[in-house]
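Proteins come first, then strands; the chains are lettered A, B, ... in the order of their sequence lines, and each starts at number 1.
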Protein chains: 2
Amino acid sequence: MFEYEFPRPAVAADIAAFALDNGKLKILLVRRGVEPFLGEWALPGGFVLEDETIEACAARELREETGVDGESLIQFGIYSEPGRDPRKWIISIAYVTAVHLAQVVLKSGTDAAAAEWFSVDQLPAVLAFDHHDIIKDAIEALRNNALLLERQRRDVPVLAFRLLGETFSLSALQAAVEVIVGNERDKRNFRKQVVEHWLEPTGTVSTGRHRPALNYRLRPKDPGLHE
Amino acid sequence: MFEYEFPRPAVAADIAAFALDNGKLKILLVRRGVEPFLGEWALPGGFVLEDETIEACAARELREETGVDGESLIQFGIYSEPGRDPRKWIISIAYVTAVHLAQVVLKSGTDAAAAEWFSVDQLPAVLAFDHHDIIKDAIEALRNNALLLERQRRDVPVLAFRLLGETFSLSALQAAVEVIVGNERDKRNFRKQVVEHWLEPTGTVSTGRHRPALNYRLRPKDPGLHE
DNA sequence: CCAAAAGTGTTTAACGTACACCCATGT
DNA sequence: ACATGGGTGTACGTTAAACACTTTTGG
């Protein structure tokens, strides 16, 4: 048996980038500027180049579309069903991340004519490829990784914080978590756990229409717990 | 911007298949029959074909090497570092699984000259590609997925059971878990939890050198808990 | 002074964990 | 009979969960 040339798939990284916009959970989609599915909405993404890892590719594509540095990209799926692209053989590696809307500057990437945030419950009826499936899985992955409490390992990137800015009030954080996981949770218990495990107060307050709220930031690292 | 032909990587599925052999945790390696790394030990695996998913490819490769049906393949990593293959551009998708040694019939696959089980603490000094890294990650993935107690979600495939046969004694199960996770655990607590959550007695006993042990099997499914 | 969000402790239930002795078999 | 692994319950500590009122600001 000797080495011969197999047919090779194109390999793409697709990114499900979530943001919080006025209390709604949104996902970034781009309008495709190339065939196939020209003009349809799709997840941002692109083909992997020979001198980068797939994760680096995802980070690059995200940066090209949003200007946001692609840290905390979490790989959650691989889509390789034959025929998922009508004309070529394409395998997609899917990543999920979360970004703070305020620091996003939407740009059109190389293959995208436009980029837009969509409410996850008001997606376009038609999406390119199998991106409907991917988004469904992405939301689940977001839940699994954004969810901070409830038996969560402490070593994984925690996406919920990335939806917010550098500093935030406890209510803002709780609202973010509740939007992601769907259900409500007890204010006092939430604060207790989240302050104890993740946060430090900044000293500043965020003044709103009512009583000012203390601001918190993500504590750098719990020095040396578990191993 | 229009569509042009990118260079394309070869995409492979690599499988870290674990088994229990006389109380030792072993991993299946094959001796490569092709360049590069001809003659070196490597994880079983092979290139994805155009008419199959990557997971199906992993299942097929595993079947070719071991005769074991590749259920419960869990994808745990993607290896795409440029230069990880000295001559070609190859991206590897890595899967972990566990098999019951008794039902394995080792065969040499298409690209492999021989297959052998290695203790995870006595691996060959030199392995093909970055398979040392992959194995390290695979053991971690095995731990994460085989581990049954301790705040485990119930929906994921549980690899520990796959190390054993259809039926097994509680001690055999506990031994398997302890080998995987490294540390010991309390017999009474282990039995309580594992019987409550996963097992049903078969009625048979496994007679050994001492008092016979009741056999158990994995209970099909807890009908409708959570959601 | 009213509306709206911020802030704050205690009690109870569930779960995980530690722990020691008798039993059934083969030799 | 004895060595070896099989089998069994209870008590304690920790963690999660339920629960209601006071405080501070803007309008």
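A salt bridge does not link B:E178 to B:R185: none of the charged nitrogens lies less than 4.0 Å from a carboxylate oxygen. Note on B:R60 versus B:E52: salt bridge recorded, some NZ/NE/NH1/NH2 to OD/OE distance being below 4.0 Å. Taking a cutoff of 4.0 Å between a charged side-chain nitrogen and a carboxylate oxygen, A:R31 and A:E116 do not qualify as a salt bridge. Salt-bridge formation is detected for the pair B:R217/B:E200: a Lys NZ or Arg NE/NH1/NH2 atom is positioned less than 4.0 Å from an Asp or Glu carboxylate oxygen.
A:L214 comes within contact range of the sugar-phosphate backbone alone, with a heavy-atom separation under 4.0 Å but no base atom that close.
Between B:A172 and A:G208, the one whose closest nucleotide on DNA chain D sits nearer the 5' end is B:A172. Mapped onto DNA chain D by nearest heavy atom, B:R191 and A:K187 fall at different nucleotides, with B:R191 at the one closer to the 5' end. Residue-to-nucleotide proximity on DNA chain C shows that, of A:H210 and A:R188, the 5′-proximal contact is made by A:H210.
Following rounding to the nearest Å, B:E184 (CD) and D:dG5 (P) show an atom-to-atom distance of 13 Å. Whole-Å rounding puts the A:E178 CD to C:dA5 P distance at 13 Å. Going from atom CG of A:N189 over to atom P of D:dT15 covers 14 Å, rounded to whole Å. Here C:dA18 presents its P atom at 16 Å from CZ of B:F190, a figure rounded to the nearest Å. Protein atom CG of A:L199 is 15 Å distant from nucleotide atom C1' of C:dG7, rounded to whole Å. Atom CG in A:D186 sits about 17 Å away from atom P in C:dT12, given to the nearest Å. Whole-Å rounding puts the A:F168 CZ to C:dA5 C1' distance at 18 Å.
The base of D:dT10 sits with one of its N or O atoms less than 3.5 Å from a complementary donor or acceptor on the side chain of B:K192. One can find a donor-acceptor pair under 3.5 Å joining the base of D:dT23 and the side-chain atoms of A:R211.
Taking the six-membered ring for Trp and thresholds of 30 and 60 degrees, A:H131 and A:F129 have ring planes inclined between 30 and 60 degrees apart.
Note on A:S171: a side-chain N or O is less than 4.0 Å away from OP1 or OP2 of C:dA6.
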